[in-house]
Amino acid sequence: MMKNPSAELVLGLSSLILVLQGKTNGQGQTFNDGGKLQLPENYKIDWMKSLNDNKLLSEITLPGTHDTMALYGGPAAECQAWSLEDQLKAGIRYLDLRAFAFEDKLYLMHGIVYEYSTFTKAMDTIKSFLSAYPSETVLVRVKPDLFDKSKVEGLVEKATANDPNIWVLSTMPTLGKVRGMVVFIQKDSFTLGLPLNETDTKGDYEVVHIRHKEEEIVLNLNKALNECGTASIVLTYSSGTGIGTFEGMFLTPKRVAEKIDPWLYSYLQLLYNNVPNLCFGVIAMDFPGLDLIQTVIDFNNS
C-alpha cells in the first residue's frame, strides 16, 4: 500500500479549500456540455506515453467518466456530452459501461434508458483508439444493469474470447504489460479483471446540498491517497444527482457537475501546486472539461 508522507498536509489543504468555499471557482474549461470535442493545438492525446513502464496500473491517477455512455434520456439521465471516441481523445482512461443482456446481446443503458449503443460497438471504438494510440491503456468496468444480470459476464466472455489485447486477470499489471490493451475491472456479479475498491459509501451519489457533496469528495479522495498502489484499482466518484430526493429534486447530474467540476478543478490545482506527488487512482466525473481532465493527468507528471 502506498502511504503518502504528505497526508497531513493534504488534509490541511482540504480543510482550507472548504473554508474558502466561494473563492475556489475553476478557470478555463472545467465543465463541458458541448457535443463536439475541440482539442487545442498540440493537445497530448497519448498522455500515457511518457509514463514509466514499471509503474503499477494502480499507481496511476486516471481521469474517468461515470456512466460513460449516458448521452441520452433527458436531464435526469444524461451524464456526458462527448461521444466515447471523443472522451478517449480528451484523455479519459476509465470507462463505466452499464450493460443489459437481452437475447444474447449486450445493450448499453442508463437505468431503463437505452443509450443507442451496444457493448460490441463500444469495444470496437476502444480498440480502434488503442490501435491508433498503442501507448495507452483503457480500463473498462462493465456493470450489469436491470435484470438477468448473471448473463452479462458470459456474454462479455463470448464477445472477447481469445483476444490477446484484453486483460481479464485479477493480478495487478505494470503499465508496460498492458499498453495498447483493454483492462477489465471487476465488481460484484462481474468477475473478470482487476478488483475495484470504491471510496464512496452507500448514498454518496445523492446530492441535496452541493457543499455536502464537496465534503464527501474531499473525504473520499483522502481515502484514495492511502489505497493507491495496492492490488485493487481505487475509484472515487465526483458525480451525483438529486433526482429521487425531495430537497435536491432539481439537481440533475448536469446541474451538479456545473458546480462540482469547477470546484474540483480548483481543489486539485491547489493540491498539485503544494503537494504534486500524489496518487488518487481513478476519479470518475460527469461532464468534465479538458482543463479538469488535464489537471487529473498532471499528477502523473511530477
Side-chain angles (χ1 to χ4, degrees), residues 1-7 9-10 42-65 87-96 123 126-142 160 162-187 191-199 220-236 268 271-285 293-302:
M1 181 179 293
M2 182 183 292
K3 293 289 185 182
N4 198 296
S6 302
L9 178 55
V10 170
N42 300 322
Y43 191 81
K44 195 170 180 60
I45 294 176
D46 55 349
W47 64 266
M48 300 181 86
K49 193 173 186 177
S50 62
L51 302 186
N52 192 315
D53 275 347
N54 295 322
K55 209 172 185 67
L56 288 175
L57 209 53
S58 61
E59 293 177 321
I60 303 173
T61 299
L62 296 163
T65 46
Q87 289 182 43
L88 291 168
K89 288 181 176 178
I92 296 297
R93 294 294 178 268
Y94 169 90
L95 307 175
D96 173 17
M123 288 297 292
I126 299 165
K127 288 191 281 187
S128 177
F129 172 81
L130 290 171
S131 178
Y133 301 97
S135 61
E136 307 306 286
T137 298
V138 178
L139 279 62
V140 175
R141 179 186 182 183
V142 180
T160 60
N162 302 316
D163 191 329
N165 293 316
I166 297 179
W167 184 274
V168 296
L169 302 178
S170 60
T171 51
M172 186 63 61
T174 60
L175 176 58
K177 286 185 178 179
V178 290
R179 289 192 189 274
M181 294 178 65
V182 174
V183 176
F184 280 142
I185 304 298
Q186 62 164 286
K187 180 77 173 179
T191 61
L192 300 177
L194 302 177
L196 182 66
N197 177 8
E198 295 176 284
T199 61
N220 291 335
L221 286 176
N222 281 327
K223 291 180 197 174
L225 284 173
N226 288 324
E227 297 297 333
C228 262
T230 65
S232 300
I233 294 294
V234 62
L235 167 66
T236 299
L268 294 175
L271 289 183
Y272 181 76
N273 289 334
N274 287 275
V275 200
N277 189 26
L278 298 174
C279 172
F280 291 108
V282 175
I283 303 177
M285 304 165 281
I293 292 169
Q294 191 58 56
T295 295
V296 175
I297 292 170
D298 282 347
F299 282 97
N300 300 294
N301 299 328
S302 54

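In this text, all values refer to a predicted model and were calculated from it rather than measured experimentally.
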Please tell me if the side chains of Leu57 and Met172 come closer than 4.5 Å, counting only heavy atoms from C-beta onward.
yes
Beyond-backbone contact of Asp298 with Leu268, side-chain heavy atoms, under 4.5 angstrom:
no
Student check: side-chain heavy atoms of Arg141 and Leu196 closer than 4.5 Å:
yes
Between the CG atom in Leu62 and the CZ atom in Phe299, the distance rounded to the nearest 0.5 Å is 13.0 Å
Separation between CG (Asn277) and CG (Asn300), nearest 0.5 Å, reads 10.0 Å
Is any side-chain heavy atom of Ile293 less than 4.5 Å from a side-chain heavy atom of Ile92?
yes
Heavy-atom side-chain contact between Asp96 and Thr65 under 4.5 Å
no
Output, in order, the C-alpha distance, side-chain angles, deciding distance and verdict of side-chain contact (heavy atoms from CB on, under 4.5 Å) for Lys89 and Tyr43.
CA-CA 9 Å; Lys89 288 181 176 178; Tyr43 191 81; over 6 Å; no
Pairwise side-chain contact, Tyr133 with Leu88, heavy-atom cut-off 4.5 Å (strictly under):
no
What's the shortest heavy-atom distance between Gly91 and Trp47, and which atoms?
O-NE1, 3.1 Å
Rounded distance [0.5 Å steps], OG in Ser232 versus NZ in Lys187:
9.0 Å
Do Asn52 and Leu175 pass the side-chain contact (heavy atoms from CB on, under 4.5 Å) test, and can you show the C-alpha distance, the side-chain angles, and the key distance before you say yes or no?
CA-CA 7 Å; Asn52 192 315; Leu175 176 58; over 6 Å; no
Could you go through Cys228 and Glu59, starting from their C-alpha distance and side-chain angles, then the distance that decides it, and tell me whether this counts as side-chain contact (heavy atoms from CB on, under 4.5 Å)?
CA-CA 5 Å; Cys228 262; Glu59 293 177 321; over 6 Å; no
Report, as yes or no, whether the 6.0 Å neighbourhood of atom NZ on Lys177 holds more than 12 heavy atoms from other residues, nucleotides or ligands.
no
Between Leu235 and Tyr94, which heavy-atom pair has the shortest distance, and what is it?
CD2-OH, 3.5 Å
Assess whether atom NZ of Lys44 is packed by more than 12 heavy atoms of other residues, nucleotides or ligands within 6.0 Å.
yes
Quick one: pull up OG1 in Thr236 and CD in Glu227 and give me the separation to the nearest 0.5 Å.
10.0 Å
Any side-chain heavy atom of Arg93 within less than 4.5 Å of one from Ile297?
no
Do the side chains of Met123 and Asp163 get nearer than 4.5 Å, heavy atoms only?
no
Nearest 0.5 angstrom please: Leu51 CG to Thr174 OG1, how far?
12.0 Å
Closest approach of Met48 and Thr137, non-hydrogen atoms and distance?
SD-N, 3.4 Å
Here the pair of heavy atoms bringing Cys279 nearest to Ile60 is SG-N, 4.1 Å
Considering the options Leu194, Val138, Leu169, Val168, which one meets the side-chain contact (heavy atoms from CB on, under 4.5 Å) requirement together with Val183?
Leu194
How far apart are the C-alpha atoms of Tyr272 and Thr295, what are their side-chain angles, what is the distance that settles it, and do they pass the side-chain contact (heavy atoms from CB on, under 4.5 Å) test?
CA-CA 8 Å; Tyr272 181 76; Thr295 295; 5.6 Å; no
Taking every non-hydrogen atom, the tightest pair across Val234 and Phe280
CG1-O, 3.7 Å
Heavy atoms of Ile233 and Ser58 approach each other most closely as CD1-CA, 4.0 Å
Spacing of CD1 belonging to Ile126 relative to CG belonging to Leu139, to within rounding of 0.5 Å:
10.5 Å
